A.B. asks: 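Quick one: structure below, then a few questions.
Whatever order the structure lists them in is the order used to number ligands and atoms, beginning at 1. Since the structure is predicted, the reported quantities are computational estimates derived from the model, not experimental observations.
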Amino acid sequence: MDAGEPFVYRPGAGCADCPFAAVCPALHRTPGLLGVQNRRRPRRSWSATSARNHAICPARDYGRRQRLPVDQGVERRLAAERGRAVHRYLEDRHHAATCPCDARISVDWVPLGFSLTEEDRALGTTLLRHHAVVCPVRHTRSSADLRVEPNLVFDDTDADTVVIAKPDLLYHDGTTWVWREVKTSASARRGTRPWLEQYPQLALATILAARDDFGLGFGRVELEVLRPGGADLYTLDPRTPEVRQHAETVVRDSFGQWHDDDRFLPTPGLHCADCEMSQWCSARATPGKET
Ligand code: SF4
Ligand SMILES: [Zn+2]
């Protein structure tokens with residue numbers, strides 16, 4: 001940094017180890033966000049991704065958090081790769097947004113660095129067309145009304161934990177800020193599991209929107225699900241007591257299990273076939289081997 005250049009604050013996972021965190025003006029303090037009061041555990045960072053991985057297999061979450069190299073063959077499997085390509089396309093498109101997304105998708109829409117089969121490219125085109133119908137840029141007036149994949153960092157001082165979240169998009173609809181998550185699916189069928197349980201990030205977003213005392217100003221949370229047959233747009237209203245209580249239960253339970261875990265033991269099963277950490281894991285389930 002040049003002499004005279006102002007300091008820049010970049011909150012992130014490193015805030016968990018920063019000796020100045022307690023007085024940092026850039027770190028939002030959100031006591032009670034995670035619903036756990038316990039400062040006797042080691043101070044760490046936590047995200048909804050950790051929650052999802054930990055629920056499947058604690059060792060998998062541990063491996064990811066230690067930044068062990070992932071198995072690219074698993075990480076870049078076709079469905080995941082298609083979903084990531086769609087997300088990257090939308091991210092780039094929204095960064096430069098002066099008008100809503102268009103249903104006319106270029107044949108070479110796939111962003112650089114992604115490799116899709118012809119079939120996945122065609123499905124991606126269909127999903128992006130459906131997105132255009134519900135593109136949130138329809139509601140914004142200027143680039144100041146949009147934040148694309150922002151890094152949000154909070155310090156839950158009750159749980160002595162730094163919380164990391166990365167919404168797909170925050171946008172201002174003219175009245176309030178809205179948190180929008182986008183998911184893609186190749187299936188026309190809707191699952192039966194509640195969205196808040198399927199995606200803990202939605203539960204976290206709902207609590208952040210519900211707590212006026214956090215002063216973040218989110219009005220609502222939206223989930224956009226892109227399917228071959230169309231786009232489903234769900235709204236989660238944090239002012240509805242049942243929605244808020246459900247979100248609090250999901251976050252408290254998933255965070256609590258992670259927070260109390262000292263051993264991060266492997267739980268082998270069918271999911272090992274989709275585990276990007278399996279190359280490091282001697283407990284992994286392999287076909288024909290009893291677990
Ligand atoms: S291979 Fe299976 S048991 Fe091992 S970390 Fe991955 S999911 Fe867990
Ligand atoms: Zn859009």
A.B. asks: Note the single closest protein heavy atom to atom 2 (Fe) of ligand 1, along with its residue, its atom name and the distance in Å.
C.D. replies: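 The closest heavy atom on the protein side is Cys272 SG, 2.3 Å.
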A.B. asks: Do the ring planes of Tyr62 and Phe264 sit parallel (below 30°), tilted (30 to 60°) or perpendicular (above 60°)?
C.D. replies: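 Ring orientation of Tyr62 relative to Phe264: tilted.
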A.B. asks: Determine, for Asp262 against Arg41, whether the closest basic-nitrogen to carboxylate-oxygen distance falls under 4.0 angstrom.
C.D. replies: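 Judged by the 4.0 Å cut-off on N to carboxylate O distance, Asp262 and Arg41 do form a salt bridge.
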A.B. asks: Strictly below 4.0 Å, N to O, side chains only: are Arg239 and Asp237 in salt-bridge contact?
C.D. replies: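 Asp237 and Arg239: not salt-bridged.
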A.B. asks: Distance under 4.0 Å to a non-hydrogen atom of Ser278: what atoms of ligand 1 satisfy this?
C.D. replies: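 What qualifies from ligand 1 is 1 (S).
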A.B. asks: Which residue holds the protein heavy atom closest to atom 4 (Fe) of ligand 1, what is that atom called, and what is the gap in Å?
C.D. replies: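 Of every protein heavy atom, Cys281 SG, 2.3 Å lies nearest to atom 4 (Fe) of ligand 1.
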A.B. asks: Starting from atom 6 (Fe) of ligand 1, find the nearest protein heavy-atom neighbour and note its residue, name and distance.
C.D. replies: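 The closest heavy atom on the protein side is Cys275 SG, 2.3 Å.
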A.B. asks: Taking 4.0 angstrom as the limit, do Arg43 and Asp155 come out as a salt bridge?
C.D. replies: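 Yes.
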A.B. asks: So Phe154 and Leu34, do their side chains get closer than 4.5 Å, heavy atoms only?
C.D. replies: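 No, their side chains stay 4.5 Å or more apart.
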A.B. asks: For Pro268, take its heavy atoms, then give the atoms of ligand 1 lying under 4.0 Å from any of them.
C.D. replies: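 Reading through ligand 1 atom by atom, the close ones are 3 (S).
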A.B. asks: Counting backbone and side chain alike, does Cys57 bring an N/O/S atom below 2.8 Å of atom 4 (Fe) of ligand 1?
C.D. replies: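 No.
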A.B. asks: Looking at side-chain heavy atoms only, is the closest gap between Gln72 and Val70 below 4.5 Å?
C.D. replies: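 Side-chain contact under 4.5 Å: yes.
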A.B. asks: Which residue supplies the protein heavy atom nearest to atom 1 (S) of ligand 1, what is that atom called, and how far is it?
C.D. replies: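 Sorting protein heavy atoms by distance from atom 1 (S) of ligand 1 puts Arg284 CB, 3.3 Å first.
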A.B. asks: Where is the nearest protein heavy atom to atom 7 (S) of ligand 1: which residue, which atom, and how far?
C.D. replies: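 In this structure, atom 7 (S) of ligand 1 has His271 CD2, 3.4 Å as its nearest protein heavy atom.
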A.B. asks: Output the list of atoms in ligand 1 that are nearer than 4.0 Å to some heavy atom of Pro266, sorted by atom number.
C.D. replies: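 Those of ligand 1 that fall under 4.0 Å from Pro266 are 3 (S).
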A.B. asks: Relative to each other, are the rings of Trp258 and Phe255 parallel, tilted or perpendicular (30° and 60° limits)?
C.D. replies: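 Ring orientation, 0 to 90° scale: tilted.
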